[in-house]
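For the numbers below, each heavy atom of this structure counts, side chains included, while hydrogens, waters and symmetry mates do not. Numbers restart at 1 for each chain; the letters A, B, ... are given by sequence-line order, proteins then strands.
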2 protein chains.
Amino acid sequence: MEVITIKDIAKALNLSTSTVSRALRGSYEINPETKRLVMEYAERMNYRPNPIALSLKENRSRSIGVIIPEIANNFFSQAINGVESIAYNRGYHVVISQNHESYERELVNTQYLAQRRVDGLIVSLSGESNDLEHFKELQTKGMPIVFFDRVPQDYITHKVSADNFVGAYEATAHLIQQGFRRIAHLTSPSWLSITYERLEGYKKALQNHGIPIEESYIKYCSHGGMIPEEVEKAVLELIHHPERPDAIFSAGDRLTTSSMSLIKREGLRIPEDIAIVGFTNLISAHLLNPALSAVTQPAYEMGQLATEFLIDLIERPKSTIRFETKRLETKLVIRQSSLKPA
Amino acid sequence: MEVITIKDIAKALNLSTSTVSRALRGSYEINPETKRLVMEYAERMNYRPNPIALSLKENRSRSIGVIIPEIANNFFSQAINGVESIAYNRGYHVVISQNHESYERELVNTQYLAQRRVDGLIVSLSGESNDLEHFKELQTKGMPIVFFDRVPQDYITHKVSADNFVGAYEATAHLIQQGFRRIAHLTSPSWLSITYERLEGYKKALQNHGIPIEESYIKYCSHGGMIPEEVEKAVLELIHHPERPDAIFSAGDRLTTSSMSLIKREGLRIPEDIAIVGFTNLISAHLLNPALSAVTQPAYEMGQLATEFLIDLIERPKSTIRFETKRLETKLVIRQSSLKPA
DNA sequence: AACGTTGCCGATAACGATTGCATAAAAAAA
DNA sequence: TTTTTTTATGCAATCGTTATCGGCAACGTT
């Protein structure tokens with residue numbers, strides 16, 4: 001391990017570490033000649049300042065932490081790419097961690113990142129998180145936090161989300177317009193913002209079209225699709241409902257693909273027996289059998305926006321901040337899975 | 001930012017930092033009573049040692065870096081979950097970074113992780129990496145590195161990969177057995193290990209069945225599917241080949257889904273006009289239209305194994321190490337996309 | 001009584017970098 | 001020539017932690 005330090009340079013050039021340090025940062029009070037010598041030597045020896053030492057001294061790390069439920073999910077991986085695109089341009093590194101829809105993991109990861117002195121956090125809540133004390137505590141200690149996608153309601157900070165209400169409304173309205181009437185909704189844990197907003201959009205669309213809301217058509221999966229049995233139970237209850245729904249509006253990649261699998265496994269056809277629209281960013285949606293109608297979110301842009309918000313929080317004096325909640329438009333792509341057969 | 005340090009504890013209890021430090025680590029030379037006091041106070045104040053200070057002092061970070069092409073890829077995200085499962089059990093954190101198939105990004109990420117003093121690296125090479133000097137240099141400086149999936153040939157360290165040769169052989173043999181004869185191969189950059197091994201398996205299967213190898217049926221995508229135009233060009237060349245192939249054996253998620261899209265867009269049917277088998281871990285393979293036959297890799301296990309190798313390298317005295325190259329079995333799942341119509 | 005042993009604890013120096021303050025030498029002003 | 005100012009550099013503290021070394025009682029042994 002022969003890594004060159006400022007001390008090595010100082011020794012080699014018979015200078016003090018302070019002089020070397022200042023020379024490297026181009027301080028005006030260093031002799032231009034000395035500066036040149038130091039710069040050249042540092043260049044030649046491929047000197048790189050030790051970021052750990054800097055973190056210790058400055059209590060920051062020029063990196064931002066991202067905590068999301070799963071990377072194996074197109075929405076989140078696209079969002080991360082958005083985060084990276086902004087972060088790198090502004091000189092920050094990105095540290096990714098997954099909570100796997102577990103409160104416990106979220107807690108551990110949050111604390112880890114805080115200890116590692118990330119300069120800020122971008123968070124999409126786990127399916128189990130209704131207690132947000134760990135974030136609140138961090139925030140009072142000065143850690144900037146921006147939520148995206150799954151945002152807490154009673155929490156004052158920047159938030160970025162898709163317009164889940166409108167997205168859900170459009171999806172449901174589309175199904176109604178196609179002639180479906182018994183429309184079920186398969187969704188994530190009830191306490192998540194995305195769940196609530198989508199549910200409201202779904203209900204509103206039904207109401208506006210004079211269709212009564214049937215509570216037994218609404219199924220929550222409190223582990224967000226991480227536990228196959230839970231999804232299976234929910235879907236089977238729908239399929240074997242005395243008045244079987246003729247369409248499902250489902251949230252999330254996993255819930256949607258699982259539903260499709262199960263419907264097929266049970267010998268039913270999509271969309272003839274049950275139509276389906278997913279709230280998902282699956283890139284292979286158009287390749288599915290049948291091609292999947294989907295409400296897609298601008299994941300990349302959401303990641304970008306959240307990051308701009310966060311870096312703003314980090315770099316701007318606190319006093320001048322007014323917190324915002326931004327909603328980005330979703331897009332409904334209609335494909336075969338939601339078309340009423342003639 | 002009121003984080004409690006060992007110094008604060010020392011001051012509060014009227015002890016020296018050394019005593020507090022030793023008490024916390026349970027040193028035998030501290031009075032049990034003092035120990036109890038310190039422990040209790042630390043517990044009450046929720047003291048956590050500063051990992052940055054430890055990293056600086058010990059020149060290590062109890063974390064391992066993972067550098068992969070893309071997280072938006074089921075194979076890699078499953079592999080990461082495997083890595084995490086082992087790492088967390090053994091007290092290491094995992095830092096993920098993507099190279100997006102770019103040599104430049106790989107270089108930057110490698111250096112970043114090295115500067116951050118990760119204790120070791122788990123790497124799957126970018127599609128552009130034929131120069132491995134950056135890894136070699138790190139390794140001579142003492143950084144343990146384990147490669148997986150895309151492994152370099154002339155590099156002495158632990159390596160973990162799927163048995164690409166056998167996987168490709170089985171896929172190709174399956175197509176032949178189905179009655180296909182003009183079998184094309186759409187694959188990743190030619191210099192990658194996975195490309196070579198799969199190509200060899202493909203060729204061997206053709207040879208063993210007396211089918212001549214047609215070079216114009218073999219298409220490399222030197223950006224591994226990251227550039228849509230490149231894939232499009234390759235697939236279209238196959239589709240419009242004077243002797244159009246009746247089957248494609250394709251590598252990678254992106255290459256496979258792109259091929260399916262393009263074949264459909266060009267008005268051809270799968271498998272009637274062109275059959276397809278993918279080398280992919282797409283979780284929605286069974287939901288595609290048609291259901292996709294695929295060679296899948298034990299991604300999770302590969303991640304686990306690579307991590308065990310790495311932690312072994314990190315913790316074991318160097319002298320006792322004998323480097324291994326492990327190949328794990330792939331699994332061919334036959335679905336509709338590769339079945340010859342009657 | 002002199003010496004050695006133990007038990008318990010503290011001061012200090014690292015790790016790598018930055019920075020406020022001090023200071024030497026050189027240049028400018030008196 | 002003397003004083004002041006400027007220029008260029010070094011010293012030392014700091015960030016949080018631990019390892020090394022050493023100190024000082026209290027006790028036991030001869």
Expressed as a whole number of angstroms, how long is the span from [X]:[atom1] to [N]:[atom2]?
X       : N      : atom1 : atom2 : answer
A/Leu13 : D/dA8  : CG    : C1'   : 16 Å
B/Tyr28 : C/dG7  : OH    : C1'   : 10 Å
B/Asn14 : C/dC9  : CG    : C1'   : 13 Å
B/Glu29 : D/dT18 : CD    : P     : 14 Å
B/Ile52 : D/dT18 : CD1   : P     : 15 Å

All N/O contacts under 3.5 Å from nucleotides 24-29 of chain C to the protein, with atom names and distances to one decimal?
none

- Note on the structure: Interatomic distance, CG@A/Asn109 vs CD@A/Gln98, rounded to 0.5 Å, equals 8.5 Å
- Applying ring pair (Phe, Tyr, Trp, His ring centres under 6.0 Å) between A/Phe147 and each of A/Phe323, A/Tyr155, A/Phe309, report the one that passes. A/Tyr155
- Query: Just by protein heavy atoms under 4.0 Å, how would nucleotides 14-20 of chain C read 5' to 3' in B, S and -?
  - Reply: BBBBBBB
- Task: Evaluate side chain to side chain donor-acceptor pair (under 3.5 Å) for B/Ser16 paired with B/Thr19, printing each intermediate quantity in order.
- Result: CA-CA 5 Å; B/Ser16 78; B/Thr19 306; 3.1 Å; yes
- Item | B/Ser102 side chain near B/Met226 side chain, heavy-atom distance below 4.5 Å | no
- Pair A/Glu106, A/His100: side-chain N/O donor-acceptor within cut-off below 3.5 Å: no
- Of A/Leu310, A/Thr307, A/Ile96, which meets side chain to side chain contact (heavy atoms under 4.5 Å, CB included) against A/Val83? A/Thr307
- Task: Please state whether the phosphate of C/dC9, meaning OP1 or OP2, lies under 4.0 angstrom from any side-chain nitrogen or oxygen of B/Thr34.
- Result: yes
- B/Leu24 versus B/Ala42, closest heavy-atom pair with distance: CD2-CB, 3.8 Å
- Determine, stepwise, if the pair B/Gln304 / B/Ser85 fulfils side chain to side chain donor-acceptor pair (under 3.5 Å). CA-CA 7 Å; B/Gln304 289 192 310; B/Ser85 73; 3.0 Å; yes
